[in-house]
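Quick caveat, the model's predicted, so the values are computed rather than measured. Just so it is clear, the values below take in all heavy atoms, side chains as well, and ignore hydrogens, waters and symmetry mates.
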Amino acid sequence: MTEGAGIRGGDLPDDLTAAEAGMWQAFRNGTVYDLSSGDTVVDDPHGGHPWGPERTVRARIVCWLLLDGPPALAGRVPSLKLTGVQISGILDLAGGTVVPYLEMKGCRFEREILLPEARFTTARFVDCSVPRLEAARVHTEGDLHLPRCRFHNGVRLTDAHIGTDLLMNQAIVYRDRSGRSIAADGMTVGQDLQAELLESHGELSLRSATIGVSLSLRGARLVNPYTRLALNAPQLTVGRTLYLTPAGVGASMLSGATPARGTRIQRFECQGGIRLDDGRFGDAVDLERARFTFTDEQELSLRRVQAPELRFLGEKPQRGKVVLSGARVGNLVDRATAWPGPGSLHMGGFVYENLVPHGPFPLAQRLEWVAAATAEYNPEPYERLAAVLRTGGEDEDAREVLLAKQRRRRESLPLAAKVWGYIQDWTVAYGYRPGRAAVWMAVLWAASSMAFAHASHPPLKGGDHPAWNPALFALDLLLPVIDLGQVGFWQLRGGWQWLAAAMVLVGWILATTVAAGATRLLRRG
């Protein structure tokens, strides 16, 4: 036959099979062409039951209809709506412009679908079995729907432009020869990308992708035992929220909604590393109840991420690392049990403005959280925590954090400096508890006053001296700089002379530590 012959008048081409002729007429009528048998086992496109020629159409005829099909019947809009149909051969629409509406449900493709640089209004493939989808730089004015489809050798959407929504809910995607399940680097989605309950076997790559509203991986299961990353999405931009959270399972599941109480749920689960470095999120990154399974070399990497809120409420990874270096968030919503232990958490340069703990998160555990992130002494995480606590009106807790910082610093100092640090800690807690100095001064003053009351104190000069007052004499020794008119007029010998020298030394130590602490407080006040 000569393709295109007789089409303008609406006549059927000569060599169409019965199944193709029915599809041709359904296209002109804009109606659904359903070849399913009614038996759910036989009609399962992912099952092993063979479909014969009575349910098979050639991919070449499908392309003919979509690219240069016959005119619609009067009062109808041409569209290709297939259900339960097997497509033989390669469906090649590369570079073409498809004007008719396209919808395929429960169909089985024998060969791959090629859509590179093709243009659609809206295209829907629902519950289809597809060897592979090649759709680099595909362009849709509306939606691209791929829910419940199974792709046996991956999906490629590199630099694709989806006008509104990309839906991949409950899809199952296996890796291609390069190890990727979905390659969507540079993809742009005008509104939502929903991949809830997605099952990905290989690397899901969204490098430099842009999502206009939200990216939902609720209940998704990402598995990649082959390489380091199961989700590779550096420089990802999401207009609102990235959801790595649970999804409701069952017929009553509402896409994009938080599962109602009592609903059976499936958590987001990732077996393999996650890379979200340099991502930008308009509302939040939500990790509520997420489950991560890493090897020792894998990590949840959020380096330099920026978001108004980070909801770190998942399960604690038993292995691997969590890296927040350089990230900036407004609210850090977290749970004490979600964070990994020492050596597995890195927060250098991590900036957060408010802490919103879920459940008990006492200060002692918060200090352990900071210590876990600093294998070697680093003042920055302590100072950030103290600043946030002070901003929230928790001045006493802020001082405790800064005191913990000094104690951590002390462990990295040489012996002499370490001894001096212990003295400062025992006396006035590095100046963060100045009340201790008053207590020490009072105790030493009382004890030394009683001691000097029994001391021999001949005057240094004949009659030119004040009256002996052991209490004023002890206070004059303890207070550096201030002269109370007692020291310098009396001569002490033996042990009393050593006691006086010790009093002067202790006074200077107390004064120095109080002054150092006050300086720190003023500098941060």
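Q235 and S208 are linked by a side-chain donor-acceptor pair at a separation below 3.5 angstrom, with hydrogens and angles left out of the test. For the 3.5 Å distance criterion, the side chains of R303 and S301 qualify, holding a donor opposite an acceptor. Side-chain contact annotation: D176 with N153, donor-acceptor N/O pair under 3.5 Å absent. With 3.5 Å as the limit, one finds a donor-acceptor pair spanning the side chains of H145 and D143. Under the 3.5 Å distance criterion, with hydrogens and angles disregarded, a donor-acceptor pair is assigned to the side chains of Y101 and E103. Defined by atom type and a distance below 3.5 Å, a donor-acceptor pair is present between the side-chain atoms of E196 and S216. Looking at D39 and H49, their side chains never bring a donor and an acceptor atom within 3.5 Å of each other.
Using a 4.5 Å heavy-atom cutoff, the side chains of L332 and V356 are not in contact. Side-chain contact between M104 and V85 is absent, with no heavy atoms from C-beta onward closer than 4.5 Å. No side-chain heavy atom of I182 sits under 4.5 Å from any side-chain heavy atom of F151. Using a 4.5 Å heavy-atom cutoff, the side chains of W51 and R108 are in contact. Residues T188 and I211 have side chains not in contact (no heavy-atom distance under 4.5 Å, counting atoms from C-beta outward). Within the 4.5 Å cutoff, the side chain of C128 has heavy atoms near those of the F109 side chain. The closest side-chain heavy-atom distance from L217 to L198 is below 4.5 Å. Using a 4.5 Å heavy-atom threshold, the side chains of Q194 and L166 count as separate.
Distance check, rounded to the nearest 0.5 Å: CG of N331 to OH of Y352 gives 12.5 Å. Distance CD1/I162 to CE/M187: 7.0 Å, rounded to 0.5 Å. Of the inter-residue distances, the one linking D286 atom CG with E309 atom CD reads 8.0 Å to the nearest 0.5 angstrom. Note that CG of L204 and CG of L229 are 10.5 Å apart. Values are rounded to the nearest 0.5 Å.
Between Q298 and T293, the shortest heavy-atom distance links the atoms OE1-O, 4.0 Å. The two atoms that bring A398 and A386 nearest to each other are CB-O, 3.5 Å, heavy atoms only. Of all non-hydrogen atoms in A373 and M347, the two that sit nearest each other are CB-CE, 3.6 Å. The two residues S79 and P100 make their nearest non-hydrogen contact at CA-CB, 4.2 Å. Residue N354 comes nearest to V388 through the heavy atom pair CA-CG1, 4.0 Å, listed as atom of the first residue, atom of the second, then distance. The nearest pair of heavy atoms linking A372 to P340 is CB-O, 4.2 Å.
The existence of a salt bridge linking R207 and E203 is excluded, since no basic side-chain nitrogen approaches an acidic carboxylate oxygen closer than 4.0 Å. Comment: R311 does not engage E288 in a salt bridge, judged by the lack of any side-chain N to carboxylate O separation of less than 4.0 angstrom. We find that E383 and K405 are joined by a salt bridge, their nearest charged nitrogen and carboxylate oxygen being less than 4.0 Å apart. We find that R180 and D185 are joined by a salt bridge, their nearest charged nitrogen and carboxylate oxygen being less than 4.0 Å apart. We find that R132 and E134 are joined by a salt bridge, their nearest charged nitrogen and carboxylate oxygen being less than 4.0 Å apart.
Looking only at distances, a side-chain donor or acceptor of N224 sits under 3.5 Å from a matching main-chain atom of Y226. Side-chain atoms of E299 never come within 3.5 Å of backbone atoms of E297 as a donor-acceptor pair (strictly under, hydrogens ignored).
The side chain to side chain contact (heavy atoms under 4.5 Å, CB included) test with F125 singles out one residue from L133, I113, V130, L82, and that residue is I113.
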Problem set entry | Residues R291, E315; criterion salt bridge (Lys or Arg N to Asp or Glu O under 4.0 Å); working and verdict | CA-CA 5 Å; R291 179 179 291 147; E315 286 189 3; 3.3 Å; yes
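Ring-plane geometry between H152 and Y174 is classed as parallel, the angle between the planes falling under 30 degrees on a 0 to 90 degree scale with a further cut at 60.
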